[in-house]
Every structure is written in structure tokens, then in C-alpha cells.
Amino acid sequence: MNTTDFVKGEFNAFSGKTTVWGREAVEIYVNFTDDAKGCEDEYLAINIALINNKLEWIENNRHLIEQALLDDDMLAMAEDWASSAEEVEDEEQECYIMEDGQKVFLPISEEDFCLSLYFEAINISFDGENPEAELVLLCNPDYFAGHCILATVDAENRVECNSLAG
């Protein structure tokens, strides 16, 4: 991304759109500390390489992000949420209709769960020298009835799942 890909917002923040994991128009938000007040454009220009490095790391390390979600039992949570939906009686395998109208068969495989993930937004913030990213992920089918999965990628690129929001 270039500095021209961002629009200046309020409170030392910028927003833009990019493609991540094959999904276009993913919202990107960049936030700077209060130190940037009055110099936000300069901070963006100085830090654009770090922003791009963080986005590139996210793009190239899908497996680490997925594994963090699996390690935090998000697959089991997806099955719990799915099993609370309307059950379909005429299927040979346990099946439920999600709020988005899609059928989900239980158990959900790790592969199906991971393939369902996509980004709604990525929030990049600068509190120190290297940025951190908050990942806002959704699933298709919508296992979590409109709720999103929150995860973080810290300044050292360690991934942590922060459960559901929404």
C-alpha cells in the first residue's frame, strides 16, 4: 500500500482498503499515538514500510493465524454455536441451518473451519517502534451468527486469539 491509499480520519487515524487472503476491499485502519498529533501525514509516510511489512506478514502466515484460533478452541465454539441453530431433519449427517441460510454439517473439519475464515478489518496501531495488528475475522458460513473473531498479532508477530465480539 502507498500513503495515497489511505484517507485521513479522526484521532490520528487513517483508513484504506486492501486485499488479504484473496478477499478484496478489506478495511485497514492505522492508528498512531498522541505523539503524532499534527504530524499524522508524516508519521504515515515514515511508517508505511512497517505497515506493509505487517500486512505482508499477515498475508504470508495464514497458517499461524489459523493455528492460534484452533489452539484457542474456536472450532469447538463454532460447533457449539452451529448446533444451536435450526436442525435439518432430512440429512443423513447432523446438519443445521445458519442465520445466513447455509447448511453446516457436524462435526466441522479443521480444513472447513479454516477455509471459512476471512477478514472484515485489520486495525494496525503504533504504540512503540513496531506496529501491532488487531484482526477482525468472519466466517462463511456464518458459524457465529454475525459475531466476529478477534485476534492480535503483536509487535514480534506472535498471534493470540481474543475470542468473539459483536
Residues 117-126 side chain polar contacts: donor-acceptor under 3.5 Å, at least two apart:
residue, atom, partner, partner atom, Å
N123, ND2, E134, OE1, 2.8

Hey, is the main chain of [Y] close enough, under 3.5 Å, to the side chain of [X] for a donor-acceptor pair?
X    : Y    : result
E94  : P107 : no
N2   : T4   : no
D112 : I108 : no

Look at the side-chain heavy atoms of Ile, Leu, Val, Met, Phe, Trp and Tyr, link any pair under 4.5 Å apart, and say whether [X] and [Y] land in one connected group.
X    : Y    : value
L164 : L75  : yes
L150 : V153 : no
M77  : V104 : yes
F105 : V88  : no
L70  : I65  : yes

(message) Could you walk me through whether T19 and V26 satisfy the side-chain contact (heavy atoms from CB on, under 4.5 Å) test, starting with their C-alpha distance in whole Å, then the side-chain angles of each, then the deciding distance to 0.1 Å, before giving a yes or no?
(response) CA-CA 6 Å; T19 300; V26 174; over 6 Å; no
(message) Are W21 and L137 packed together at the side-chain level, in the sense that at least one heavy-atom pair is separated by less than 4.5 angstrom?
(response) yes
(message) Between T3 and F14, is there a side-chain heavy-atom distance shorter than 4.5 Å?
(response) no
At their closest point, which heavy atom of [X] faces which heavy atom of [Y], and how far apart are they?
X    : Y    : value
G16  : F6   : N-CD2, 3.9 Å
V159 : A68  : CG1-CB, 3.5 Å
C161 : L69  : SG-CD2, 3.6 Å
F144 : M74  : CZ-O, 3.7 Å
E132 : A155 : CG-N, 3.6 Å
M98  : A85  : CE-CB, 3.5 Å

Taking only residues at least two apart or on different chains, which pairs with a member in [range] satisfy side chain to side chain donor-acceptor pair (under 3.5 Å)?
range            : value
residues 141-152 : none
residues 64-75   : R62-E66, Q67-D71
residues 78-91   : E91-K103

Ignoring hydrogens and angles, write down the donor-acceptor pairs under 3.5 Å from the side chains of residues 45-56, residues two or more places apart or on other chains.
residue, atom, partner, partner atom, Å
N47, ND2, Y43, O, 2.8
N52, OD1, M1, N, 2.8
N52, ND2, M1, O, 2.8
N52, ND2, I48, O, 3.3
N53, ND2, A49, O, 3.4
K54, NZ, P131, O, 3.2
K54, NZ, D154, O, 2.8
K54, NZ, N157, OD1, 2.7

(message) The test is side-chain contact (heavy atoms from CB on, under 4.5 Å); show your working for D5 and T18 and say whether it passes.
(response) CA-CA 9 Å; D5 295 325; T18 193; over 6 Å; no
(message) Within the supplied structure, the quantity of interest is the number of heavy atoms (other residues, nucleotides, ligands) at a distance under 6.0 Å from E110 CD; does it exceed 12?
(response) no
(request) Any salt bridge (charged side-chain N to carboxylate O under 4.0 Å, His left out) involving residues 19-32? Give me the pairs, sequence neighbours left out, ordered by first then second residue. (result) K17-E27
